[in-house]
Amino acid sequence: MSKSKLTQSVHTGSKGDSLYGGLVNPIYPSAAYNYDAVVLYPRYFNTPNQKAVVEKIAALENGQDGLLFSSGMAAIMTSMFAMLRQGDHILFQNDLYGGTHHAALNELKRYGIDHSMVDVFNLEKFEKAIKPSTKVIYIETPSNPLLKITDIRGVARIAKKHKIVTIIDNTFASPVNQNPIDLGIDIVTHSGTKYIGGHSDLCCGVAISSKRLIEKIKASAMHFGGSLDAQSAYLVERSLKTIVLRLQQQNKNAMTLAKYLEKEPKVGAVYYPGLKSNPGFAIAKKQMKGGFGGMLSFELKGDPEKFLKRLKIIRKAISLGGVESTIAQPVKTSHAKLTPAERKAAGISDKLLRFSVGIEDTRDLINDIKQAL
Ligand SMILES: *Cc1c(COP(=O)(O)O)cnc(C)c1O
């Protein structure tokens, strides 16, 4: 039976407590299990609380199986390393989450893995960057912080033609809004610290794929060891029960705010894939089936520091995807390590603000921005 995401988010993987008839999954903190049948062990990624989370996210992502990690970077790097060996090449789109960008520059070379970062908004140019040794294509959409849209189907088509494995970082969209496996992508990763956790109180990551590829990633994951403990896994499961509701409100809030900001004279450019004026709108509409997400960015005409100080509801913070609205200045946070020239090339000005829209009342958020402006 195919269920809606609302129903899946509540019920899939949540089997309850067969011993006492409790509605929710018990927390199984054991790190030592009887070994007569299957050997359960937290670092084998097979304990009940880990599996409950994986079943839920795999259902939401239309994947066959998955692995729950202790951070988004653990999910990303383990998936990547599991697909690559010495002498291989990995092709990245050039707009990447800072942590991934940094890891690509600092880790891969030491293991003899070659990489390129190429403009994916020109698919022809992107395809030309494929080498005979290219084994993985890695994309991320919407991108950080300008919410640029990569044509997922277009990239998947190119990868299939060349028999290359594709990995996507689906963090910004969330499993509610975008399901890349349906569009031909092989492996979907999330920083579960963001929308999956959704309450700014836990750190985790997930990789979702086919049974075959998950087995392959799991073989490496057991060596790298980035598994999640039962207590945190339970907290993730609990959070997932409201992920659809949360994202519905975040999608609505972000769309309303983006439209408001676009008309506000004290604000310059607004970046949100749901705006008709956005260059990625047509593709986003096709691939972001659930909504355009809770992330947006905008240019302030005035002083960003003064504006941030005056906000009363919206909090100045890094990270994103929580129920509470947060705002950050990329020049001081995610993109602080870039030189001014590099930032200029990436289109990130000193007055750009990245806004993670929460689930608060839409009018309260607009009024907060209005009074701060
Ligand atoms: C936060 C983030 C990550 C890294 O996740 P961690 O949980 O911090 O390891 C990766 N990709 C994107 C897009 C992110 O926002």
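Fair warning: this is a prediction, and the values are worked out from it, not measured in the lab. Counting convention: from 1, in listed order, for ligands and their atoms alike. One is the number of the first residue; the rest follow in order along the sequence.
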Quick test of your reading of the model: are Glu55 and Lys15 salt-bridged, counting only N-O distances below 4.0 Å?
yes
What is the nearest protein non-hydrogen atom to atom 4 (C) of ligand 1, stated with its residue, atom name and distance?
Tyr97 CE2, 3.4 Å
Atoms of ligand 1 under 4.0 Å from any heavy atom of Asp169, numbered from 1 in the order shown, are 10 (C), 11 (N), 12 (C), 13 (C)
I'd like to know if Lys148 pairs up with Asp95 as an ion pair, taking the criterion as any Lys NZ or Arg NE/NH1/NH2 lying under 4.0 Å from an Asp or Glu carboxylate oxygen.
yes
Return yes if some donor-acceptor pair links the side-chain N/O of Asn278 with the main-chain N/O of Tyr272 below 3.5 Å, else return no.
yes
Using a 4.0 Å cut-off to any heavy atom of Met73, which atoms of ligand 1 qualify?
5 (O), 6 (P), 9 (O)
Check if Ile76 has a non-hydrogen atom at a distance under 4.0 Å from any atom of ligand 1.
yes
At under 4.0 Å between heavy atoms, which part of Asn144 makes contact with ligand 1: side chain, backbone, both or neither?
neither
Between Tyr111 and Phe81, is the ring centroid distance below 6.0 Å?
yes
CA sep, side-chain torsions, deciding dist, call: Ser143, Glu140, side-chain hydrogen bond (donor to acceptor under 3.5 Å, both in side chains)
CA-CA 6 Å; Ser143 72; Glu140 188 180 319; over 6 Å; no
Could you tell me if any non-hydrogen atom of Glu140 lies under 4.0 Å from any atom of ligand 1?
yes
Among all protein heavy atoms, pick the one closest to atom 5 (O) of ligand 1 and tell me residue, atom and distance.
Ser191 OG, 2.9 Å
Flag the pair Lys332 and Glu305 as a salt bridge only when some basic side-chain nitrogen lies within less than 4.0 angstrom of an acidic carboxylate oxygen.
yes
Check whether NZ of the Lys or CZ of the Arg Lys194 lies under 6.0 Å from the centre of the six-membered ring of Tyr97 and within 45 degrees of that ring's axis.
yes
Around atom 7 (O) of ligand 1, find the nearest protein heavy atom and jot down its residue, atom name and distance.
Thr193 OG1, 2.6 Å
Polar atom proximity, Gly72 to ligand 1 (N or O, under 3.5 Å):
yes
Are Phe69 and Phe45 close enough that their ring centers fall under 6.0 Å?
yes
To check your reading of the model: name the closest protein heavy atom to atom 15 (O) of ligand 1, its residue, and the distance in Å.
Lys194 NZ, 2.7 Å
Considering only heavy atoms of Ser71, which atoms of ligand 1 have at least one such atom less than 4.0 Å away?
7 (O), 9 (O)
